[in-house]
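Hydrogens, waters and symmetry mates are skipped; everything else that's a heavy atom, side chains included, is used.
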Amino acid sequence: MKKLYLIGGPMGVGKTAACRELKRMLPNSVFLDGDWCWDANPFQVTEETKTMVMDNICHLLGNFLRCTAYTHVIFCWVMHEQSIVDEILRRLPLADCEVKAVSLLADAQTLRARLAEDVRQGARRADVIERSLARLPLYSRLNTLKIDTTGKSPLDVAAEIAAL
């Protein structure tokens with residue numbers, strides 16, 4: 001049976017780093033970061049681009065799930081609304097597939113520090129800090145398993161996800 005890991009969380013919580021570790025841990029695994037489906041210049045959030053990104057994500061995930069080479073399909077993205085998770089799941093071929101929906105969280109101080117370091121290194125713009133902190137409370141409403149990443153390495157978080 002295949003396993004689909006949907007890993008959500010606010011920006012800077014460690015989704016990508018944990019998923020990279022998870023991919024190394026799990027046999028026959030493939031990893032898709034939802035941000036890769038929306039890496040454009042200029043970055044534009046419109047109804048057209050949101051529809052395109054969701055189509056891209058579901059197409060790629062569907063292909064990974066249908067491919068016999070992969071047992072574990074790992075996906076991460078800022079899925080802060082239940083409707084995002086639900087739409088992705090509704091559009092995927094999930095027969096013979098176990099879904100692990102997880103939200104990664106961190107305390108506000110940790111999240112702020114991680115993002116500030118990303119800003120300092122030029123990896124993110126400064127406005128990401130307040131946007132990420134504003135979304136943090138939204139994850140408590142989701143029908144997902146919650147994992148606190150505060151004080152944990154990406155390897156530790158990946159091990160928790162793998163143990164689910």
Side-chain angles (χ1 to χ4, degrees), residues 1-39 53-82 84-119 121 123-124 128 132-133 135-136 138-164:
M1 174 175 285
K2 289 197 182 249
K3 286 190 181 176
L4 171 63
Y5 300 83
L6 296 181
I7 313 297
M11 296 154 293
V13 78
K15 296 180 302 294
T16 300
C19 287
R20 285 182 181 139
E21 293 293 342
L22 186 61
K23 182 181 78 171
R24 283 190 264 281
M25 246 179 230
L26 299 173
N28 305 315
S29 60
V30 61
F31 167 46
L32 173 65
D33 187 327
D35 289 345
W36 300 338
C37 296
W38 206 338
D39 189 1
V53 169
M54 187 62 78
D55 288 346
N56 290 345
I57 288 168
C58 293
H59 179 78
L60 288 169
L61 288 175
N63 281 345
F64 290 147
L65 289 170
R66 284 185 285 274
C67 182
T68 60
Y70 304 116
T71 307
H72 299 95
V73 178
I74 305 160
F75 173 68
C76 76
W77 200 27
V78 177
M79 295 178 279
H80 60 289
E81 297 172 352
Q82 188 64 46
I84 296 169
V85 175
D86 293 345
E87 181 176 353
I88 291 169
L89 292 175
R90 180 182 59 77
R91 294 173 62 175
L92 295 178
L94 296 176
D96 299 319
C97 182
E98 182 180 356
V99 176
K100 303 287 187 179
V102 177
S103 292
L104 301 184
L105 307 170
D107 64 44
Q109 180 180 348
T110 297
L111 196 55
R112 184 180 298 279
R114 289 177 183 171
L115 288 167
E117 180 58 22
D118 287 353
V119 170
Q121 292 182 7
R124 298 182 194 263
V128 73
S132 186
L133 290 169
R135 286 186 177 165
L136 188 57
L138 300 176
Y139 289 90
S140 66
R141 301 178 194 158
L142 301 183
N143 184 21
T144 59
L145 300 166
K146 312 301 189 281
I147 295 178
D148 189 344
T149 67
T150 304
K152 297 176 186 171
S153 71
L155 185 60
D156 294 336
V157 174
E160 281 189 55
I161 296 169
L164 295 175

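- With sequence neighbours excluded, the residues forming a side-chain contact (heavy atoms from CB on, under 4.5 Å) with Asp33 are Thr16, Phe31, Asp35, Trp36, Cys76, listed by chain and number.
- Between Ile161 and Lys100, every side-chain heavy-atom pair lies at or beyond the 4.5 Å cut-off.
- Judged as a side-chain contact (heavy atoms from CB on, under 4.5 Å), and not counting sequence neighbours, the contacts of Asp86 are Gln82.
- Looking only at atom types and distance, the side chain of Arg114 has a donor-acceptor partner in the side chain of Thr149 under 3.5 Å away.
- Taking the charged nitrogens against the carboxylate oxygens, Glu21 and Arg24 do have a contact shorter than 4.0 Å, which makes a salt bridge.
- Between Ile88 and Met79, the closest side-chain pair of non-hydrogen atoms falls below 4.5 Å.
- Between Phe64 and Tyr70, the two ring planes are perpendicular [angle over 60°; tilted spans 30° to 60°].
- Taking the side chain as every heavy atom from C-beta outward, Leu164 and Tyr5 never approach each other to under 4.5 Å.
- Closest non-hydrogen pair, Tyr139 versus Lys146, comes out as O-CE, 2.9 Å.
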Show, in sequence, the C-alpha distance, side-chain angles and deciding distance for Phe75 and Leu92, and conclude whether the side chain to side chain contact (heavy atoms under 4.5 Å, CB included) test is met.
CA-CA 13 Å; Phe75 173 68; Leu92 295 178; over 6 Å; no
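- Side-chain contact between Pro93 and Arg66: present, with at least one pair of heavy atoms (C-beta onward) separated by less than 4.5 Å.
- To the nearest 0.5 Å, atom CG of residue Leu89 and atom CD1 of residue Ile84 are 12.0 Å apart.
- Residue-environment remark: CD (Gln109) stays at or below the threshold of 12 foreign heavy atoms within 6.0 Å.
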Under the criterion side chain to side chain contact (heavy atoms under 4.5 Å, CB included), I'd like the reasoning laid out for Cys37 against Leu32: C-alpha separation, chi angles, the key distance, then a yes or no.
CA-CA 9 Å; Cys37 296; Leu32 173 65; 4.1 Å; yes
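- Residue pairs that meet the salt bridge (Lys or Arg N to Asp or Glu O under 4.0 Å) test with at least one member in residues 151-164, sequence neighbours left out, are Lys152-Glu160.
- Residue Leu111 holds its CG atom at 11.0 Å from CG of Leu104, rounded to the nearest 0.5 Å.
- One finds the CG atom of Leu26 at 9.5 Å from the OG1 atom of Thr71 (value rounded to the nearest 0.5 Å).
- In this structure, Cys19 and Ile74 approach most closely via the heavy-atom pair SG-CG2, 3.6 Å.
- In this structure the side chain of Asn143 never reaches within 4.5 angstrom of the side chain of Val85, judged on heavy atoms.
- Nearest heavy atom pair, residue Ala106 against residue Val13, reads N-CG2, 3.8 Å.
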